[in-house]
Amino acid sequence: MNYLYLTRSGLKQVQATGEMESISTDTCYTEDFIDRLNNHDFEGLSDYSNEIFLYHYVRLLEFSEILKSSDCSRYSFFARLLDKNLFIKAKAETGHQVSLIIRLLTTVSSFFLFVFSFFAIIFLAFLLPFYLVRRKEPDSTLAFDAGRRVVFLIRSKAAFQKCRLSIERAISAVTLVDNFGGLSVPGISIYSVVCRRNILKISVISAFHALRDIRDFLKDGRFMLGNSCALALFPGYVKRIAHKAVYESCLDEVVRLFPCAVFYTGDKDDRFALLQTRVCHREKKELVCLPHGLEYGFRFPGGLAGTTFYCFTPEAASFLNRLYDEDKFLYADSVVDAMYGVGSESKFSEPIERVCFFSEPRDPEVNYQIISELVERGVTVFVKLHPLEAASDYKHRFPNVEQIEDLDEAMRSSVCIARKSTILLEASRRGVKAIASLVNDKDRVYVMRIFPSLGSENIFKAFTFDELQELL
């Protein structure tokens, strides 16, 4: 008998012969599935509501969709506890029988992990400021100037790249960097506000922020996923909640130190984006979002960042204003040009006649398939890997395919191929051929329904490898 089997590495289809094959969630991404994603009444209470929705509620819907076509399903003892909880809830929602003992065991396990996580979060949130003071460079403290007119909040290299020209052109600006994870970009650590004079106050406030976050996180999780799943989320968020609580305490200090400033952020929909939006709204500050990633075309429970949110295309701005019933989503050529670095001569040199494929860290097997097909068809293709991917993996699979390490150099290619990325928008804006390779069902739905900016008529779409070869 064939049945679905949840393992630590994902869903498998077990054949009557005992052979197992992986099941992709790509087939779930239909027009109807996206409509159901938007058909919810969630109102985010916590700064984590968007992440719970995107990474866990969507996975629950994926499990439910796959289970609809199966009469029998099981899970491995070694499967991740959160996946087990989501799988069991999806089974119950699709009419599969789930024993009371199984539900009780997973709930009790989740509860005990939640209790451990609760104390770990409070402990870390209280101690983290002391750690930050000890590891801080001697010259990293900042003489804050209350007259600063612009403050950039930077948390990633991608966000810095999107804000770089705006930072260079801004008058009386300061760049505050979240370097907790070792981020190295020009700017001053936001944790420079922590000093021996205020460290105890920030530690205590951070612990209270963490308590509030745990409470609201639990409410959002229960509403979207149910009690057991909500409890099972916490082990994966111990460091995240503690880190964000300390960041919030420091941001509170920063907002008070710059009473006249306009704030800019590259975060668009994660916990830090919602935190920055909430703090700026409370303090009546303007927060402008220059997103470092594509805008999603489904409605997040917590909304998107900022009092003003600049989109990559006018179509995206119009779509998001309708979706959220707001008017804060704007499009401006000058702003988008600055985000893409237009005006930087070194970045926009003459294109080089070559084909470059820009990979993605998610679903790497799709990257492998595209590269293999291009090579088999005689196309000389270069590859620019995503920073989260290992060059050795690709070198082992494709020893004769040259990798380009520098992003600016890769962007000089006359033909840029990607699956679903801002790379396509940047390439099309430079006037080179940008091709979205949509041979994968999930990528196709993401481009056509989830990322409104990629619907731009300036981006070529290839739905098959034959169409991709014709465009080349």
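Evaluated for a side chain to side chain contact (heavy atoms under 4.5 Å, CB included) with S228, the options L104, T107, L86, L82 yield exactly one hit, T107. Exactly one residue among F116, F119, F118, F217 makes a ring-ring contact (aromatic ring centres under 6.0 Å, His included) with F234. That residue is F217.
Of all heavy-atom pairs between A317 and C311, the closest is CA-SG, 3.6 Å.
With hydrogens and angles ignored, the 3.5 Å screen pairs no side-chain donor or acceptor of R271 with any backbone N or O of D47.
Taking the six-membered ring where tryptophan is involved, the planes of F180 and Y191 are perpendicular, since the angle between them exceeds 60° and thus also 30°. The aromatic rings of F114 and F111 lie tilted to each other, with the angle between the two planes from 30° to 60°.
Heavy-atom contacts from other residues, nucleotides or ligands closer than 6.0 Å to NZ of K239 number 12 or fewer. Within 6.0 Å of OH in Y264 there are 12 or fewer heavy atoms belonging to other residues, nucleotides or ligands.
Identified under the side-chain hydrogen bond (donor to acceptor under 3.5 Å, both in side chains) test for residues 288-304, with sequence neighbours left out: E295-S453.
A donor-acceptor contact closer than 3.5 angstrom links the side chains of R419 and N367. Using modelled atom types, one finds no donor on one side chain facing an acceptor on the other under 3.5 Å when comparing Y394 with Q403. In the model, K12 has a side-chain atom that pairs as donor or acceptor with a side-chain atom of S22 under 3.5 Å.
Remark: R155 is positioned above the aromatic ring of F272, its terminal NZ or CZ atom under 6.0 angstrom from the ring centre and at most 45 degrees off the axis. Because its NZ or CZ atom is not both nearer than 6.0 Å to the ring centre of F465 and within 45° of the ring axis, R377 does not count as a cation-pi partner of that residue. Remark: K84 qualifies as a cation-pi partner of F77 under the 6.0 Å distance and 45° angle criteria applied to the six-membered ring. A cation-pi geometry, defined here as NZ or CZ lying under 6.0 Å from the six-membered ring centre and within 45° of its normal, does not hold between K420 and F451.
Between atom CZ of residue F152 and atom OG1 of residue T175 there is a gap of 6.5 Å, rounded to the nearest 0.5 Å. I101 CD1 to T106 OG1: the interatomic distance, rounded to the nearest 0.5 Å, is 12.0 Å.
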